[in-house]
Structure formats: structure tokens, C-alpha cells
Undergrad: 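One structure is given below, represented as C-alpha cells, and several questions about it will come after.
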Protein chains: 2
Amino acid sequence: MKDNLLFTSLVSELKRGNLTLCVLSQLKTPQYGYSLLQTLSEQHIEIEANTLYPMLRRLESQGLLDSSWDTTESRPRKFYSLSTQGQTLFIDLLKAWKEQNKQTALLLGEESHA
Amino acid sequence: MKDNLLFTSLVSELKRGNLTLCVLSQLKTPQYGYSLLQTLSEQHIEIEANTLYPMLRRLESQGLLDSSWDTTESRPRKFYSLSTQGQTLFIDLLKAWKEQNKQTALLLGEESHA
DNA sequence: TACAATACTGTATGTCACACAGTATAATTA
DNA sequence: TAATTATACTGTGTGACATACAGTATTGTA
């Protein structure tokens, strides 16, 4: 719809924090990168491999995710899941997301019928 | 509530794109930095001066805002308002925001009663 | 047997929120 | 009337992140 570069980058900024929340929400049960990519895509959450893989490594290094390699299948897969800290943080982050959305919607709502 | 640094930075990421949208929404009528700071604060949108001022300059340099100095009052004030391009972009960005929120809410909603 | 799909790693770039530092005037208060 | 606070900005640096680009290697399929 919009081939405007500026628009694209603003939408990207819009997605930024949301993507982390979405990924965390999916990792109550272990998943590996590629499966997450597909799950999220099916749920209409667009995230690129180039974004997801670094993000998973980052979240692990921050202590929010645990990981382990599964080598029993045909192909080695790195499974990630929420650590204890990750679970707690996800709950708080979800709360923050809801609160922020509520306030933003109020602001934009008032504007929209002005 | 949370003095956790990691949590703080994740919330900050969450706000990132939203703040731009909020600021754009307020500039259908001209406002200056300091007044915006107060308006947004009253509407429970937390944004720091250190964030807002560079953002206004950025949005102007990107062509989304026009600006003009008002020197008739006691204190010089730089007024910003949406440019034509800014108006169009705001409408598209608002659409993108709504769509993204809908999809995210669906994903998180399904998770929350799992 | 070539090609697409799967499943990653590693590095570089540009943008942004925010910190920190600074300038300067008006209004308030002690 | 002197000190302080609120107003109203500019400028620069840092760290985090999304994404681009490049690469590795295996499996399934046409």
C-alpha cells in the first residue's frame, strides 16, 4: 500500500517493542527459531528471520530465555523457552503493554472525533 | 513498581513508535515543545523533554512537520504543526497502529487463557 | 542432480530514546 | 531585591535494536 520509506521505518518503530512481547508470549512452551517464525506468521505477526534470530540470542543473554539444542531429530534445532525471570517479566510487560495501549487509544480516540 | 533495568528498557522499546504517533496526533493544531510536554503528560503519555525535542526536530527534517518561531509573546516559542505530508502519513500510521494492536491482542489473548 | 526449504551464525548500519550538558529568560518567593 | 524555580529551548553522545547482507550446512523434492 505504502512504498514510502519513511512510512515503512515508522511502522517498524511501531512494531519494535511489540515483537519482543509477542515472542515472549509464545515461549511458555519451548520452540525453535524457525517454528516461531512460522507460528507468528500464521498469527499475522510479521517478523523477519534477521530480526528474530538476533532477538532470541539477545533475550537469552539477558536471562529471559533458556535454550537447549535438540540433536535427536534429523536436523539440529535450538529450542528456546521462558526462564523463571522471563515468565515474571512477561507478566509485567504485558501489563505495561495494556496500560500503554489504553492511554494511547484514549488520546487518539479524542483526536479522531475532533 | 519495577526497578529492574531490563524491564525499564523493554517498556521504553514498547513506547518507541507509539510516542511518534501520539505527538503527530496532537499537531493538527500548532503547538510548541513545552506545551506538548504538558498536554501529553496530562493525558498520561509519559515523554521526556530529552526525547521530545530531538523528535520534533527529526520529524521536521523528515518533512512531516512545519515550524515557525513566535516571538510576539514574552518568550520565544517554536511552534510545530503537521505538514500536508505529515497529515497523510499520520492517517496511514494510525491505520497501521490499529491493525498491529488488533493482531497483537489476538495473539496475547489466545495465550492468556491457555 | 539441481533447487528450494529448513535452520541457523556473524557482522555492519542507521535510527531512536534518553542521558548529560549547556543557554537564557520570566515568574515567584524568601 | 536576590535567589530560586519554571519555562523553553539547543547540542552531542551512548547503547539498544530492527534490519540488511553474507555465509554455513543439511534435508527433501522435482
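These values consider heavy atoms only, across backbone and side chains, with no hydrogens, waters or symmetry-generated copies. Just so you know, these numbers come straight off a predicted model, no measurement behind them. Throughout, protein chains are lettered first and strands after them, A, B, ... in sequence-line order, and every chain is numbered starting at 1.
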Undergrad: Generate the contact string for nucleotides 4-15 of chain D. Rules: B means base contact, S means sugar-phosphate contact only, - means no protein heavy atom under 4.0 Å.
TA: --BBBBBB----

Undergrad: Which donor-acceptor pairs under 3.5 Å do side chains of residues 12-21 of chain B form with protein atoms, sequence neighbours excluded?
TA:
{"residue": "B/Glu13", "atom": "OE1", "partner": "A/Arg16", "partner atom": "NE", "Å": "2.7"}
{"residue": "B/Lys15", "atom": "NZ", "partner": "B/Glu46", "partner atom": "O", "Å": "3.3"}
{"residue": "B/Arg16", "atom": "NE", "partner": "A/Glu13", "partner atom": "OE1", "Å": "2.6"}
{"residue": "B/Asn18", "atom": "OD1", "partner": "B/Trp97", "partner atom": "NE1", "Å": "3.3"}
{"residue": "B/Asn18", "atom": "ND2", "partner": "A/Thr104", "partner atom": "OG1", "Å": "3.1"}

Undergrad: For the pair made of CG in A/Leu52 and P in C/dG10, what is the distance, rounded to whole Å?
TA: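 One finds 16 Å between P of C/dG10 and CG of A/Leu52, rounded.
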
Undergrad: Taking atom C1' of C/dT9 as reference, at what distance in whole Å does atom CE of A/Met55 sit?
TA: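 The distance from CE of A/Met55 to C1' of C/dT9 comes to 17 Å, rounded to the nearest Å.
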
Undergrad: B/Leu19 has an atom CG; how far is it from atom P of C/dA17, in whole Å?
TA: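 Atom-to-atom, B/Leu19 to C/dA17, this comes out as 6 Å.
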
Undergrad: I need the CG-P distance between A/Leu21 and D/dC17, as an integer number of Å.
TA: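 Whole-Å distance recorded here is 14 Å.
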
Undergrad: Between B/Ser9 and D/dA16, is there a side-chain N or O to OP1/OP2 distance below 4.0 Å?
TA: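 No, no such contact exists.
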
Undergrad: State which residues pass salt bridge (Lys or Arg N to Asp or Glu O under 4.0 Å) with A/Glu99; sequence neighbours excluded, sorted by chain then number.
TA: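 A/Glu99: salt bridge (Lys or Arg N to Asp or Glu O under 4.0 Å) contacts with A/Lys102.
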
Undergrad: Of the non-hydrogen atoms in B/Gly63 and B/Ser83, which two are nearest, and what is the gap between them?
TA: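 Nearest heavy atoms, B/Gly63 then B/Ser83: O-OG, 2.7 Å.
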
Undergrad: With a cut-off of less than 4.0 Å, is there a side-chain N or O of B/Lys15 near OP1 or OP2 of C/dC16?
TA: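 No.
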
Undergrad: Need one value for A/Glu46: base, sugar-phosphate or nothing, where a base atom within 4.0 Å counts as base even if backbone is also close, heavy atoms only.
TA: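 Since no nucleic acid heavy atom lies under 4.0 Å of A/Glu46, the category is nothing.
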
Undergrad: Among pairs that include at least one residue of residues 52-63 of chain B, which meet side-chain hydrogen bond (donor to acceptor under 3.5 Å, both in side chains), considering only residues two or more places apart or in two chains?
TA: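 Those involving residues 52-63 of chain B are B/Glu60-B/Ser67.
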
Undergrad: Using whole Å, what does the distance between atom P of nucleotide D/dA18 and atom CD of B/Gln100 come to?
TA: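 Rounded to the whole Å, the gap is 12 Å.
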
Undergrad: For A/Asp70, enumerate each residue passing the side chain to side chain donor-acceptor pair (under 3.5 Å) test, keeping only those at least two apart in sequence or located in another chain.
TA: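 Listed in chain order: A/Thr72.
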
Undergrad: Answer with base, sugar-phosphate or nothing: what part of the nucleic acid does B/Ser12 contact at a heavy-atom distance below 4.0 Å?
TA: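 Sugar-phosphate: the residue B/Ser12, judged by heavy atoms under 4.0 Å, touches backbone atoms but no base.
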
Undergrad: Roughly how many Å is it from CZ in B/Phe7 to C1' in D/dA16, rounded to a whole number?
TA: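 Nearest whole value for this atom pair: 17 Å.
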
Undergrad: Can you tell me how far C1' of D/dT19 sits from CG of A/Leu14, to the nearest Å?
TA: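 Atom-to-atom, A/Leu14 to D/dT19, this comes out as 16 Å.
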
Undergrad: What closest approach, in Å, do A/Gln100 and B/Val11 show between heavy atoms, and which atom pair accounts for it?
TA: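 Heavy atoms of A/Gln100 and B/Val11 come nearest at OE1-O, 4.5 Å.
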
Undergrad: Between A/Leu10 (CG) and D/dC17 (C1'), how many Å, whole number?
TA: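 Nearest whole value for this atom pair: 16 Å.
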
Undergrad: Show which side-chain atoms of residues 29-42 of chain B pair as donor or acceptor with protein atoms under 3.5 Å away, not counting sequence neighbours.
TA:
{"residue": "B/Gln31", "atom": "OE1", "partner": "B/Ser35", "partner atom": "OG", "Å": "3.1"}
{"residue": "B/Gln31", "atom": "OE1", "partner": "B/Thr39", "partner atom": "OG1", "Å": "3.4"}
{"residue": "B/Tyr32", "atom": "OH", "partner": "B/Arg77", "partner atom": "NE", "Å": "3.3"}
{"residue": "B/Tyr32", "atom": "OH", "partner": "B/Arg77", "partner atom": "NH2", "Å": "3.2"}
{"residue": "B/Ser35", "atom": "OG", "partner": "B/Tyr32", "partner atom": "N", "Å": "3.2"}
{"residue": "B/Ser35", "atom": "OG", "partner": "B/Tyr32", "partner atom": "O", "Å": "2.8"}
{"residue": "B/Thr39", "atom": "OG1", "partner": "B/Ser35", "partner atom": "O", "Å": "2.8"}

